[in-house]
Every structure is written in C-alpha cells, then in structure tokens.
Amino acid sequence: MAIERTLSIIKPDAVGKNAIGAIFSRFEAAGLTIVATKMKHLSQAEAEGFYAEHRERGFFNDLVAFMTSGPVVVSALQGENAVLAHRDILGATNPKDAAPGTIRADFAVSIDENAAHGSDSTTSAAREIGYFFSELEVFARTR
Ligand code: RTP
Ligand code: MG
C-alpha cells in the first residue's frame, strides 16, 4: 500500500454548520492523519485558480460564488491510499447519490453545496497541496 497525501477542503456550508470537528474526526477514524491545516476565506481569484479545470463548465460561476461565500478549512491528509480513502468517506459528488454514512450524505444538502472537497488523483493532490501550503507548512507526521 502506498502512503499518499491528499487535499481536503471543508466547504463554507459545512463550516457554517459547525461541522469542522465532526469531519476531522471522520478523517482520523478512517486512518488519515492531518499533516497541515488552516482556515481561509478564499478570494475570487483563489477559488477560480483552484477549480481552473472546471472553467468552461456551466456550474463554474456558481461554484466560485459558493466557495467564496464564507470561510473554508483546507487540510493536507496523509495515509495509505489517501486519495481514494478520502474520496470513499466523502461519498458521491451529489449527496443524493452518496452512500449512507459518508460525509456528503450526512452534511451536504445539494450538489452545489456538498460539504467537502477531495483531490481526485495523486497528481491533483500534489498541485492542490502546493496551491495552499508551502513545504514548511506540511508536517511529516507518522503514527
Ligand atoms: P470536489 O472537486 O469539490 O471534491 O468534487 P468532485 O470531485 O466530487 O466533483 P467535480 O466534478 O470536481 O466538481 C467540483 C464541484 O463542482 C460542483 N458541481 N456542480 N451542478 C453540477 O452539475 C455540478 N457538478 C459539479 C460540485 O460542488 C463539485 O463538488
Ligand atoms: Mg473534483
């Protein structure tokens, strides 16, 4: 099994529901270790740059408006197969399709306000962690 890192964003809806701790607990229960974390209110340019791959999609403007609507918590998570392990506990993009017990099933209300983000590959994870954290801000924790 490969030890990977992945980027998590607890989105403005979940932060607004006071669910930061509950979601952090799920990461830890799944064997993921938080190796960097901070709260941030994304600027429009930061949100557009983060989701640049979706720039041509019809939902892009709504996505950027939502992601800049309040503070988020960005974290780097580390663990065995962290990218997929994290996506598994997030559940499907649309909470209506998310398996019971997943973060999106329990905290999200719609595909637009879906509680949390997770990197979709190790390549994306490297870009996304570098987007928010310097090397000195990511800790080499082991359990
Ligand atoms: P994320 O990047 O936030 O972890 O979500 P994801 O990989 O599951 O989904 P992705 O395709 O990357 O889409 C990014 C975010 O855009 C919103 N979205 N809206 N209205 C729509 O059809 C639609 N499709 C995607 C979601 O908020 C999704 O998380
Ligand atoms: Mg995505």
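In listed order, ligands and their atoms are each counted from 1. By convention here, the first residue in the shown sequence is residue 1. No hydrogens, no waters, no symmetry mates; every other heavy atom, side chains included, goes into these values.
In this structure a side-chain-to-backbone donor-acceptor pair under 3.5 Å is missing from R104 to S110.
Counting heavy atoms from C-beta outward, R5 and L77 have side chains that stay 4.5 Å or more apart.
Judged by the 6.0 Å and 45° rule, K38 forms a cation-pi pair with F133.
Between I129 atom CD1 and E135 atom CD the span is 11.5 Å, to the nearest 0.5 Å. The distance from atom NZ of K11 to atom CD1 of I23, rounded to the nearest 0.5 Å, is 11.0 Å.
Within a 6.0 Å radius of CD in Q44, no more than 12 heavy atoms belonging to other residues, nucleotides or ligands are found.
Listed by chain and number, residues touching ligand 1 at under 4.0 Å (heavy atoms only) are K11, Y51, H54, F59, L63, R87, T93, R104, I111, D112, N114, H117, G118.
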